[in-house]
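Just below is one structure, and these are the notes that go with it.
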2 protein chains.
Amino acid sequence: MKEKRLSKNLRHQELVKRLDGNPLLTDEELAKGLGVSIQTIRLDRLTLGLPELKERTKSLASRVLSADSYPASLEVVGELLLCEPGIGGLSRLVAGEGMRLTRYNVIRGHFLFAQANSLAVAVADAPHALTASAQVDFIHPVKLGQVLLARARVIGKERRKSIVEVITKVKEQEVFRGKFLVITLEENQLMAEE
Amino acid sequence: MKEKRLSKNLRHQELVKRLDGNPLLTDEELAKGLGVSIQTIRLDRLTLGLPELKERTKSLASRVLSADSYPASLEVVGELLLCEPGIGGLSRLVAGEGMRLTRYNVIRGHFLFAQANSLAVAVADAPHALTASAQVDFIHPVKLGQVLLARARVIGKERRKSIVEVITKVKEQEVFRGKFLVITLEENQLMAEE
DNA sequence: TCCCTTTTTATGACTAAGTCATAGTAGTTG
DNA sequence: CAACTACTATGACTTAGTCATAAAAAGGGA
């Protein structure tokens with residue numbers, strides 16, 4: 001019973017993983033993929049409380065529908081226009097609906113931060129990098145619809161640490177400025193300590 | 001025959017408009033809404049080339065999926081558990097899918113920032129507040145599924161400025177710490193300068 | 001008014017992707 | 001062997017459709 005149960009648990013894990021990866025899979029496809037019958041999949045979904053295809057699809061879809069009207073739902077953290085690892089980069093972000101403060105057309109600060117942070121991590125010359133700390137200034141409020149152009153420069157580098165400066169402008173007006181300390185990691189470091 | 005055709009055309013227009021507004025309507029709901037039979041709606045959809053509910057839902061859903069694989073997609077910036085304006089507050093955020101760095105289970109820094117920033121703005125004792133600057137440290141990587149508890153304290157206040165300190169923990173492990181300078185605004189200031 | 005055409009409904013047969021309940025089979029294990 | 005769990009099969013029902021065909025309703029115009 002041990003291996004059986006194990007194999008069942010493993011299948012459950014795998015099932016969740018697959019549906020996580022692609023919620024649009026039918027029971028039939030899942031059954032084929034996991035080498036069990038369709039009924040087993042249904043049993044699994046039942047015990048795991050996983051909703052059927054229709055529900056999954058619908059919940060995804062309604063996320064799209066509500067995405068724009070709800071307080072904070074960030075779609076993108078900017079489009080990477082240019083990225084020269086170790087040197088600098090450029091990112092563009094249009095301040096959209098859903099990034100704004102309720103009732104006012106001012107964009108919430110963390111969207112500026114997100115754009116800058118993404119850019120800073122991207123330009124750090126390493127396969128995998130994380131932000132360790134940051135000092136940021138929100139110089140001027142940003143309004144709905146404005147185009148945010150963030151420019152990053154790597155201004156310091158030693159071993160595993162890079163210091164990246166990001167300046168974001170709307171047209172010629174500086175709206176944000178930040179210094180990011182980005183550290184680069186090895187894979188084992190990322191995986192270590194559960 | 002003119003009015004009839006017109007009324008049919010009008011219905012077609014209305015149909016398209018409704019589906020545009022809410023693609024998740026069933027034929028039945030549409031039929032009721034437009035005061036015709038379900039068969040008529042189906043005929044209409046046929047002649048207008050409008051896909052059935054399943055298709056519409058699916059296409060919306062896959063829009064989400066493709067958006068998710070793109071740089072980053074932020075869902076929430078935390079659930080406000082407690083908020084004592086001018087004093088402090090507490091916010092909870094579960095590190096979900098789509099917040100993580102590609103391929104690794106580490107959550108991107110700006111989600112921590114977003115949670116903390118939202119909280120800092122919320123606890124600033126003012127109807128409308130904005131972050132002016134911040135100093136943040138990402139002390140420890142956060143993994144998928146972990147629960148982020150952010151605690152904010154207002155540690156300084158003068159006229160329009162509040163200084164808020166936010167400390168975020170996963171269980172007892174401190175993972176993020178930041179100081180936010182939050183300024184409060186009058187409505188006219190928010191509205192000024194287009 | 002009768003006739004003709006268009007429009008609208010109704011009907012039946014079928015599909016996909018499920019639900020739920022029940023029953024039967026296979027494999028392990030005390 | 002009996003008992004248990006895990007898996008598979010079966011049948012009846014559901015939703016939200018498809019397609020094709022037929023019948024009813026609603027205009028016209030002569």
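Reminder, nothing fancy here: chain letters follow the sequence lines and each chain counts from 1.
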Lys/Arg N to Asp/Glu carboxylate O, [X] vs [Y], below 4.0 Å:
{"X": "A:Arg56", "Y": "A:Glu52", "result": "no"}
{"X": "A:Glu165", "Y": "A:Arg177", "result": "yes"}
{"X": "B:Glu14", "Y": "B:Lys17", "result": "yes"}

Quiz prompt | Set of side chain to side chain donor-acceptor pair (under 3.5 Å) partners for A:Arg45, sequence neighbours left out | solution =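 Checked A:Arg45 against side chain to side chain donor-acceptor pair (under 3.5 Å); matches are A:Asp27.
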Quiz item: How close or far is atom C1' of C:dG18 from atom NZ of A:Lys58, stated in whole angstroms?
Solution: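 So the two atoms are 15 Å apart, to the nearest Å.
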Quiz prompt | Euclidean distance, atom NZ of residue B:Lys8 to atom C1' of C:dT6 [Å, nearest integer] | solution =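 Going from B:Lys8 (NZ) to C:dT6 (C1'), I get 8 Å.
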Quiz item: Do any of residues 13-33 of chain B sit with a heavy atom less than 4.0 Å from DNA chain C, and if so which?
Solution: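 Heavy-atom cutoff 4.0 Å gives no residues at all.
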Quiz prompt | Sorted by number, the residues of residues 37-54 of chain B with heavy-atom contact under 4.0 Å to DNA chain C | solution =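 Those residues are B:Ser37, B:Gln39, B:Thr40, B:Leu43.
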Quiz item: How many angstroms lie between atom CD1 of B:Ile139 and atom NZ of B:Lys169, to the nearest 0.5 angstrom?
Solution: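 Reported value, rounded in 0.5 Å steps: 10.0 Å.
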Self-check item: Heavy-atom pair of closest approach, residues B:Phe138 and A:Thr131
Solution: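 Closest approach of B:Phe138 to A:Thr131, heavy atoms only: CB-O, 3.1 Å.
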Practice problem: May I ask you to check whether A:Phe113 and A:Phe180 place their ring centres under 6.0 Å from each other? | Solution: yes
Practice problem: Would you please confirm or rule out a distance under 4.0 Å between OP1 or OP2 of C:dT8 and any side-chain N or O of B:Arg11? | Solution: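 Affirmative; the distance criterion is met.
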Quiz prompt | Hydrophobic cluster membership, B:Leu10 vs B:Val16, 4.5 Å side-chain cutoff | solution =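 Different clusters.
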